[in-house]
S.K.: 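The structure follows.
This one's a predicted model, so the numbers in the text were calculated from it and none came from an experiment. Just follow the structure's listing: the first ligand is 1, and inside any ligand the first atom is 1.
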Amino acid sequence: MYLITLDSETDFDGWRKAARALALHHIAPVDVTWGVQGQTKDQMPPGLSEAPSLPPLEIESTFNVPANFIELARVAILHRDGKRFALLYRLLWRLKADHDLLAEMTDPDVTLATAMASSVHRDVQRMRDVVRFREIGREQKAHYAAWFVPEHHIVEFAASFFARRYADMPWSILTPDICAHWDGHVISFTAGISQTEMPAPNRLEETWRRHFQADRPIAPEAPQKRGRNLPEASILEPLLTDAERWTGGRITPHPEAPMPRKSAADDLETLREEAAHCRACPLYKDATQTVFGEGPKSATIMLVGEQPGDKEDLAGHPFVGPAGQMLDRALQEAGVDRKKVYVTNAVKHFKFVPRGKIRLHQKPNTPEIRACRQWYERELAALQPSLVVAMGATAAQSVFGKITPIGKNRGRLIDLPDGRKALVTVHPSYLLRLPDPKAKELEYQRFVDDLKIAAGFREKSARAA
Ligand code: URA
């Protein structure tokens, strides 16, 4: 009897390698027992802990199995039934003699493996349907967490779906098996949270802190598998902050949100009128009006800011306050005529908190940016600019559809998937806030230099046209 110990419950590569070696050694399925690292001796059949491991393969030989078996095995291996490894090896063994075995739908092994794969697929679909993120951590560095109990070992498999769907917000999905984390760039995994500690919705943040705060070592049962890491500090940081904000429920547009239109490009005036009644997020409630983009239809450059400020909210025009004046000056120095560019914002309502007579600017959060992105997309479709300049982190998040650091990306032309170019730079308000005059002047010059790249691009395109 041979004992094969896989690295984890989802170690398909380990299973595949071992199964191939076993088959090439002509070791029959009845002579093999499968286990997973970390299983205690009392979880194993008696006497097995002393069973020999597989001898190394001496010859570089191989055999072919149908591609649909590999696909089936890749999914069925995620089933929670402990007998799945043996079942799949039995199928592989039988496929050596009968290449068409999978077509025999009444065969008990085929039926069972297919049923397992279907059950895994249903569980993945259920996860996609029921996972509800809640915003935790401080508003400006929000993080989103969800609790889910999978029926099968699907979290790693399903995580890429959530990374694509919620690419622009950092999230964690906590489960008893394993926890998945997305920081806007990479997915990482940490040990699961025991079922007895299952957090009630209002205790999600508390659970998060208990398990993932930066100064606490990872739980001893942390998976050892390659590629599973502690969450990045950038993931942890917001969760250690004090304030809590709960958006309540899945991050979807506000119930009164107009459905984004998928039609061919609207004209900008139609868009402006429609956006005036936008209820896609709660920001419309306190703002004076929607501040839509402005500029000529012939503009080839679109400048994107964060959101209207106090002055813009009152005037109904983008970039007319202090940040606008700074922008005008820099554009002029860079050789860009503001009257020839289209200027807009990622978020089109002013977000603020009242402080006496003053309205204090608040950074928009990810759900607000997402809710407003339909307007940016439709402006883009209507205008068809060849270059989009993202000023600041909020604009970059909207333009790229995910969190995009300024420092790493600024000052160069970046290809967008739709064939346009993007240029990332700082927001003029950032320059206004710099206290040191020297640093301010230096940063201002860098901003002008970035805008000169836009001017150069426009000239080159005009010459080529
Ligand atoms: N800041 C912005 O991002 N946009 C404006 O319109 C004004 C200030």
S.K.: Answer yes when E9 and R84 have at least one side-chain N-carboxylate O distance shorter than 4.0 Å, and no when they do not.
M.R.: yes
S.K.: Quiz question: by atom type and distance under 3.5 Å, do the side chains of R420 and Q384 form a donor-acceptor pair?
M.R.: yes
S.K.: Give me the nearest non-hydrogen protein atom to atom 4 (N) of ligand 1 as residue plus atom name, then the distance to 0.1 Å.
M.R.: N345 OD1, 2.7 Å
S.K.: For D123, is there an ion pair with R126 - N to carboxylate O distance below 4.0 angstrom?
M.R.: yes
S.K.: By number and element, which atoms of ligand 1 are closer than 4.0 Å to a non-hydrogen atom of E306?
M.R.: 2 (C), 3 (O)
S.K.: Can you tell me the protein heavy atom closest to atom 2 (C) of ligand 1 and the distance?
M.R.: Q307 O, 2.9 Å
S.K.: Is it true that E443 and R446 make a salt bridge, defined as a side-chain N closer than 4.0 Å to a carboxylate O?
M.R.: yes
S.K.: So, is F319 polar-close to ligand 1, with some N/O to N/O distance under 3.5 Å?
M.R.: yes
S.K.: Does NZ or CZ of R359 fall inside the cone over F350's six-membered ring, less than 6.0 Å from its centre and within 45° of the axis?
M.R.: no
S.K.: Does an N or O from S429, backbone or side chain, lie closer than 3.5 Å to an N or O of ligand 1?
M.R.: no
S.K.: Using ring centroids (six-membered ring only for Trp), state whether H427 and F319 fall under 6.0 Å.
M.R.: yes
S.K.: Please identify which atoms of ligand 1 are closer than 4.0 Å to at least one heavy atom of H427.
M.R.: 1 (N), 2 (C), 3 (O)
S.K.: Could you list the atoms of ligand 1 found under 4.0 angstrom from a heavy atom of G305?
M.R.: 3 (O)
S.K.: In ligand 1, which numbered atoms sit nearer than 4.0 Å to a non-hydrogen atom of G309?
M.R.: 7 (C)
